[in-house]
Amino acid sequence: MAGGSDAVEATSLSCAKCGKPAHLQCPKCVELKLPREGAAFCSQDCFKASWGSHKSVHLKAKLSTPSHENHGERNSDSPNDGWLYCLKKGQARTPKIPHFDWTGPLRPYPISKRRPVPAHIEIPDWSIDGIPKIEPNSELQHIVEIKTPDQIARMRETCRIARQVLDAAARVVRPGITTDEIDAVVHDATIAAGGYPSPLNYHFFPKSCCTSVNEVICHGIPDARKLEDGDIVNVDVTVYYKGVHGDLNETFFVGNVDEASKRLVQCTYECLEKAIAAVKPGVRFREIGEIISRHASMSGLSVVRSYCGHGIGNKSVGVMKAGQTFTIEPMINSGVWRDRMWPDGWTAVTADGKRSAQFEHTMLVTDTGVEVLTARLPSSPNVFPWLNS
């Protein structure tokens with residue numbers, strides 16, 4: 001049971017999945033003080049099997065809770081309730097919006113407190129203080145690791161979990177929901193699967209995913225702002241499970257989006273697809289960037305140069321070899337490629353305030369080509385119109 005929740009008392013409660021006598025209870029339902037009926041389970045297996053439908057109960061409860069219309073105003077007046085603006089890479093908070101020469105119409109909103117991670121969840125070595133212990137002195141700083149069959153099997157499992165977590169987030173994207181509420185869905189789905197929510201730096205960045213809206217290129221912090229009709233939002237998910245990471249992201253439409261934004265998002269998706277198609281042993285990693293740049297430029301768009309895809313468990317340089325794992329994540333801007341950093345120290349935005357989109361997959365180089373470990377599943381929501389054409 002996620003969170004190691006207390007056992008349900010000896011009553012007539014039945015498992016919400018199979019109907020057997022229930023001995024465990026969903027910890028999120030306990031936290032939200034929801035009725036025990038429908039929240040009790042006989043085992044971890046039944047809880048996990050029910051998670052896809054059961055988690056909607058939590059979201060409905062949160063959305064039905066009365067809240068103030070102006071989150072920023074409420075949070076500025078109540079600095080002790082946990083809703084504060086983020087500064088200095090998450091190491092500082094303030095009740096007032098920071099002064100900054102904002103490049104576009106978007107503004108940061110206050111963020112909520114860090115969501116707890118149950119004690120039974122395996123955590124990476126940097127999670128305590130934000131400082132990696134093994135990696136800096138590892139030989140992987142100098143060589144490109146070829147994953148063992150066991151490592152590949154664990155990565156397949158972890159990446160599948162990451163895909164299911166992102167799909168859960170995709171299902172709740174709509175006008176009126178806050179990115180903090182999206183983060184809650186990601187957090188709960190990750191924990192329920194036994195994984196650790198592992199975005200850029202969970203120690204100082206107290207969220208379970210990145211949510212990058214409109215002119216935000218990457219690393220946007222989930223906050224109290226409600227998504228508006230016409231927005232685009234990228235949700236970036238990283239799951240740590242069984243000692244390995246699964247990493248992917250997608251950019252979603254919020255309600256009715258203008259044609260320019262639709263073209264931007266579709267072109268970014270195509271950039272990733274074309275890059276993946278080129279992956280196989282013997283290909284130079286730098287060729288991926290050339291493919292992405294060529295396709296974006298043909299559409300009159302620019303490629304962000306300050307950030308790029310990365311190795312998963314290795315420094316991916318040189319020529320691709322079977323057994324290597326890495327991500328490709330094109331970040332494409334409507335205007336100039338240059339970026340600016342918000343006062344929070346994480347949020348990268350376009351220098352001209354125009355919109356940006358991003359897509360990402362984790363992949364494995366095989367003997368004959370590539371296996372996309374975070375590929376869409378038959379159950380994945382079809383939120384991209386061009387996939388129907």
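Please read these numbers as outputs of a predicted model, since none were measured by experiment. Computed over heavy atoms, backbone and side chain alike; hydrogens, waters and symmetry mates excluded.
Side-chain atoms of R174 and L227, non-hydrogen and from C-beta on, never get closer than 4.5 Å to each other. Side-chain atoms of I177 and I182, non-hydrogen and from C-beta on, do get closer than 4.5 Å to each other. Put simply, the side chain of L272 reaches to within 4.5 Å of the side chain of I328, judged on heavy atoms. A 4.5 Å side-chain heavy-atom check between R338 and T350 finds every atom pair outside the cut-off.
Side-chain contact of T374 with H361: a donor-acceptor pair under 3.5 Å is present, judged by distance alone. Side-chain contact annotation: K226 with T179, donor-acceptor N/O pair under 3.5 Å absent. Under the 3.5 Å distance criterion, with hydrogens and angles disregarded, no donor-acceptor pair is assigned to the side chains of T251 and Q358. Under the 3.5 Å distance criterion, with hydrogens and angles disregarded, no donor-acceptor pair is assigned to the side chains of S334 and R355. A side-chain N or O of D339 and one of S306 form a donor-acceptor pair less than 3.5 Å apart. Defined by atom type and a distance below 3.5 Å, a donor-acceptor pair is present between the side-chain atoms of D167 and S380. Counted by atom type alone, D247 and T362 present zero donor-acceptor pairs between their side chains at under 3.5 Å.
Judged by distance alone, the side chain of N333 and the main-chain N or O of S356 form no donor-acceptor pair under 3.5 Å. Of the possible polar contacts, none joining the D180 side chain to the D223 backbone as a donor-acceptor pair under 3.5 Å is found. The main-chain N or O of I232 is found under 3.5 Å from a side-chain atom of N214 such that the two form a donor-acceptor pair. Side chain of W102 to backbone of F100: a donor-acceptor contact under 3.5 angstrom is found. Listed for the Q266 side chain is no donor-acceptor partner under 3.5 Å among the backbone atoms of R263. Checked by atom type and distance alone, the side chain of D231 never pairs as donor or acceptor with a backbone atom of V254 at under 3.5 Å. At least one donor-acceptor pair closer than 3.5 Å links the side chain of T158 to the backbone N or O of R154.
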* **Test log, rule side chain to side chain donor-acceptor pair (under 3.5 Å), inputs E360 and T327** => CA-CA 7 Å; E360 176 185 26; T327 78; 3.3 Å; yes
* Tell me, with the steps shown, if F326 and F285 meet ring-ring contact (aromatic ring centres under 6.0 Å, His included). => CA-CA 10 Å; F326 60 94; F285 283 101; 5.1 Å; yes
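The two residues W342 and V349 make their nearest non-hydrogen contact at NE1-CG1, 3.5 Å.
Using the six-membered ring where Trp is involved, W386 and F359 have ring planes that are perpendicular, over 60° apart on the 30 and 60° scheme.
In this structure, F253 has its ring center no closer than 6.0 Å to that of F384. Taking the centre of each ring, Y196 and Y241 stay at or above the 6.0 Å mark.
A 6.0 Å sphere centred on CZ of R160 holds no more than 12 heavy atoms belonging to other residues, nucleotides or ligands. Heavy atoms of other residues, nucleotides or ligands lying less than 6.0 angstrom from CZ of R284 number 12 at most.
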